[in-house]
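Data block below; observations after.
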Amino acid sequence: MAALLTMSLAVPLLGAILLYLFRVDTKTARASAFLLTLVPAMAGFIVLFTVGIGTDGSMQWQERVEWIPSLGATYHVGVDGLSAPMFFLTAFVFPLALLFSWDIEHRGRLYYALFLVLETALLGVFVSLDLLLFYIFWEFVLIPMFFIIAIWGGENRRYAAIKFLLYTFLASVVMLLGFIALYFEAAPHLGYRTFDVLELATVSGAFPRTFHLVVFGALFVGFATKMPMVPLHTWLPDAHVQAPTAGSVILAAVLLKMGSYGLLRVAVEILPEGTQAWRPALAAVGLVSIVYAAFVALAQRDLKSMIAYSSISHMGLVLLGIATLTTLGITGAIYMMLAHGLISAMLFMSAGVVQHHAGTRLIDKLGGLANGNAMPIASAITMFAFLASLGLPGLAGFIAEFTIFIGTFDAFGWWVLLPVGTLVVTAGYYLYAFQRAYHGPLNPNLRVHGDIRWYEFTPMFVLAIATAAFGLWPALSAESMGDYARNLLALYGGR
Amino acid sequence: MFSELAWLVPAFPFAAFLAILLFRGLPRHGAEIAIPSVFASFLWSLGVLWETLGASEPVEIGIDWLNVAGHTFTMGFLVDPLSAFLAALVSFLSLLIVIYSPAYLHEEGRRLVRYFAEITLFIGGMLGTVLADNYLLMFAAWEIMGLCSYLLIGYWFERPKAASAAKKAFLVTRVGDVSLLLGLVILYRVFDTFSYREIFAQTDLIAANPGLMLLASVCIFGGAVGKSAQFPLHVWLPDAMEGPTTVSALIHAATMVKGGVFLVARSFPLFVHTPDVFLLVAALGGVTAFIAATMALVQYDIKRVLAYSTLSQLGYMFLALGAGGLLAVHHGSSTGYTAGLFHLMNHAFFKALLFLGAGSVILGMHHVNDMRQMGGLHRKMPLTSWTVLLGTISIAGLPPFSGFWSKDEVLASLQDAGGLNPVFTLLWLLGLGVAVLTAAYMFRMWYLTFWGKPKTEAASHARESPASMTVPLAILAVFALGSGFLLFTGFASFLHFDASEFVAGAPASEAEPGLEILKHILASPYTFLSVFLAAAGLAAATSIYVFGRPPPDRVTTPLLAHDAHTLLSNLYYYDKAFMATGQAIGLGLARASDALDQHVVDGAVRGVARTSTWFGRAVRRTQTGAVTTYALVVIVGLGLVLLALYGGGF
């Protein structure tokens, strides 16, 4: 069991290679891919529920082997209160996304293989404690995602895929420069070269202030693009609208979290001085993203792009929570990453169901989907997802929101009015969309081909249960997040 | 024993909610689960109430729900006179309403499963709101109530008006909820806890933060304004009529709108530190009471008359609580506080009666709400007519019905508070005006519906409703008549607020014995004034709608009266202006942001991309479609990165 993390990384990748080597039919590929993703999923549960037990928030399940000794690069993985929920989220969402894509026939083997590769890459990002390793996984995420959009996407998939690839690649080049700078800056202080995040953090106090400011800026650009924060966000709506449903699910639920995860793990942990200096900017970008994206969401005509903008707004809350540098704010930010992962997966599945069964996602062309002769069950579960996203208490999103609000009021005072007031806008775009697309009489121009299928319902239902479970019983995971936040803030003189 | 397990009171309906969703194929569509579960809640809450009557100390039991880095959030329930009283009242009325429902909605068939699921969740939400021991849990239950009102108002979601009303209710109350949430955030900042008792006990912290406390109180009251549909957020409640009548009864009598009154009463120990907030409470209550009563005068939809009357009566409750706060702080008197809760109870009984009576009429008329098509139903539906008449007399405030006693107490407390702040004298006069209007619009409603000759075919063929509907009406009529007498049996000492427990230097307050209260009421000349005013309203309505002097259409023809009628029928144009403004701001900002996003933000990105077309061409060239090629590119790229590192480092 010691190699739990490595095993979780290896199983999907090996599965992908096997799928590629053995030319199995689509059915076999689909079933084996699904079964293989259950292995990391189980590991995800173990990691999430054990990470906080009997520890002070230090790294658990660590594995460390020399990798490129001449560079000082190691294969160093581990999880703590920050990475465990992300590891869990990734491993939990993948089997559900694969289940949701049960009807993929076009180049099915490649599709499922790419998802397996994507899972390894994403899990790798969340467990890597070595910046080089982290970077390799980070960039590796782009490749399968690029193909998933470019091959199985909508009409404008080429444009969206290239935009996604170039935009985020350029941003990560800036981030990479930051990594390299850290590597060289730390070496004289440590006496040896290393990419190890934990070790870099120990000597960062000796770095000059300018270094802190510049490098934090570079890292922030890279991470903020991934989250994505306004104004570096326009790749996201295009990518979402064009991506196949399962691709959108992974994109929203997991890929965006890479940005906020990286921000905490690398930038905030290693560069306290830079963080302090940039803090007002972080808060401002977060606030702008929250409010602005919510209003843009209200104007959208496509369900999917509305949900995409809603993601930006919610990720803005994550950034705001981080910027508070308070235990509750950071705990709330991590909780929001988890909650948004579960909820946005549900939301994109809802949009997918509408697309599959009604042939369009344009709100104006829909209408009355909740009627008994259209898709009542799909509508009910969509309602649930909408409510979860607008922060209904009892569901996971609310826990995140109120802790972030408390943190924000502590740190930034009355600026809290902006995110709290945005709750009305959030409720507005969801209910306005629901009223037009699902309520009212069934649109006579609409041909609805049956209600939700079992392979669509099951993953959404599982996500709904998880959303309620994390909403009613936050102690499941929030306590280890709190430990992480407290340890992190100890670097900042403990707040 | 009951109090220690008081969490069962909301747990029964919550469990019923899950069970109804789980067992969908039941012959009576979930009624067989809903009714026993609410009955169980009722019995349990009676047990709780019984124990509380004899208890000297509140019962609070909770658990640590969440520990985050030194912050502990607890969850539990608090049984004290306020929560025990409301839990019993809410579950009793809810029980009658769920018993009444299957017959009223018998045409709905399988859709009733959704109805019963949502209604049990609603009831559970209200009971949870009342019994919670902290603001956070209260807020959660409060939001569940908001959700259920959305779902139930939109029960017939295929009707565009219902869908729109549901959305409106949710969004308008959400504005209040945001204010409440803000209040909670402020409280947590100051107290590091959400627990009522811990917050109220930390008087030194309260005293150290007067500014924040005033803001927190105003924000919390903002939540009450939204939920209880007080001016300026009153616009959602009349539209909520689009839901089934039973839902209206539940929202207006037992749950939801009473949540706001409860919240103010619950927060009294906090508000007394910043008595200014009571002026706001009373002022908004007074404005709402008056404008809603005027609007009720001109409605023709029977449910809308009742809806506006609810707004107006809730205004009375806030008037009383506002006066009560001042009286508690300065006079050591609990009359206002008690009067507010006393009116809440009496209103709950007669408003449930009136709504269920209206439902019976609407069913008898085959889904007609317009009173101009009714008339003469007294003969056709005698039981409904008699019970609604009792409710009408009660709400009009004629002795010895319950509404008389509580309205009198409300007005008396306003008059008392007038000695402390002259604004309250004005509000007292406003309250007296509302008393005339209430009697007038309620008897107008009764006459139009039941008196005279049937005005349509439907009215002449109307039939009395089945016993499962009329029996609840009869039970409620007994309470509408009799609940007022509870004032003389110790109501005032049970629901009594003593500011000296919370504010240093405030005068202590002793509850007046019931008989003393009765003596005061009978000896006061103002009692006779209020009876006289109610009688005047009754006389006006009788003269116009029974004797036709002047005939109803003539009342509205003189020029000024006509303009007034148009103004009132259009709800002072406030509703339209409110919604139009909200929409213009919301959608306007939305469209502007969207345009900015497409043309400026993304435009810039595309501009950059266009100037580097060579890059695009290069990308196109490499798009060979073979995964291996791409993988190769990445590996080579990584190699280059490593080389760069080597080059730089060694």
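Letters A, B, ... mirror the listed sequences (proteins, then strands); counts begin at 1.
Proximity to chain B (any heavy atom under 4.5 Å) is restricted, for A/Met383, to the side chain, taken from C-beta onward. For chain B, no part of A/Glu401 is nearby; none of its heavy atoms comes within less than 4.5 Å. When heavy atoms are compared at a cutoff of 4.5 Å, B/Leu136 approaches chain A solely by way of its side chain, counted from C-beta outward. Only the side chain of A/Phe398 comes within contact range of chain B, with at least one heavy atom under 4.5 Å from a heavy atom of that chain. Heavy-atom distances place the side chain of B/Val605, and not its backbone, under 4.5 Å from chain A. Looking at B/Ser164, the atoms closer than 4.5 Å to chain A (heavy atoms on both sides) sit in the backbone and in the side chain alike. Residue contact with chain B, scored on non-hydrogen atoms closer than 4.5 Å, involves the side chain of A/Leu392 exclusively. For chain A, the nearby part of B/Leu215 is the side chain; its heavy atoms alone come within less than 4.5 Å. Residue contact with chain B, scored on non-hydrogen atoms closer than 4.5 Å, involves the backbone and the side chain of A/Val420 alike. For A/Tyr335, no part sits under 4.5 Å from any heavy atom of chain B, backbone or side chain. Contact of B/Leu137 with chain A is not made at all, since no heavy-atom distance falls under 4.5 Å.
For the residue pair B/Glu242 / B/Tyr155, no side-chain donor-acceptor distance below 3.5 Å is found, with atom types taken as modelled. A donor-acceptor pair shorter than 3.5 Å cannot be found between the side chains of B/Asp602 and A/His233.
Figure legend: cation-pi geometry between A/Arg436 and A/Tyr438 absent, as NZ or CZ is not positioned both under 6.0 Å from the six-membered ring centre and within 45° of its axis.
Using a 4.5 Å heavy-atom threshold, the side chains of B/Trp65 and B/Thr72 count as separate.
The most heavy-atom pairs under 4.5 Å with chain B, out of A/Pro474, A/Pro231, A/Ala485, come from A/Pro474. Comparing B/Phe157, B/Trp156, B/Tyr150 by how many heavy-atom pairs each has under 4.5 Å with chain A, the most go to B/Phe157. Heavy-atom pairs under 4.5 Å with chain B were tallied for A/Ala370, A/Gly368, A/Pro144, A/Ala297; the largest tally goes to A/Ala370. When each of A/Gly440, A/Pro441, A/Gly421, A/Ala427 is scored by its heavy-atom pairs under 4.5 Å with chain B, the top score falls to A/Gly440. Taking B/Ala166, B/Ala590, B/Gly146, B/Pro160 one by one and counting their heavy-atom pairs under 4.5 Å with chain A, the maximum is reached by B/Ala590. If you tally non-hydrogen atom pairs under 4.5 Å between each of A/Asn487, A/Leu390, A/Leu476 and chain B, the highest count goes to A/Leu390. Counting heavy-atom pairs closer than 4.5 Å to chain A, the top-ranked of the candidates B/Leu181, B/Asn67, B/Leu147, B/Val601 is B/Asn67.
A ring-centre distance under 6.0 Å is found for B/Phe73 and B/Tyr188. Residues B/Tyr135 and B/Phe194 place their aromatic rings such that the two centres sit no closer than 6.0 Å. Taking the six-membered ring for Trp and the full ring otherwise, the centers of B/Trp236 and B/Phe170 sit at least 6.0 Å from each other.
Classified by interplanar angle (parallel below 30°, tilted 30° to 60°, perpendicular above 60°), the ring pair A/Phe434/A/Phe386 is perpendicular.
Each salt bridge (Lys or Arg N to Asp or Glu O under 4.0 Å) pair with one or both residues in residues 163-174 of chain B, not counting sequence neighbours, appears once here: B/Glu143-B/Arg174, B/Lys168-B/Asp239, B/Lys168-B/Asp575.
For A/Thr225 (side chain) and A/Leu232 (main-chain N/O), no donor-acceptor pair under 3.5 Å exists by modelled atom type.
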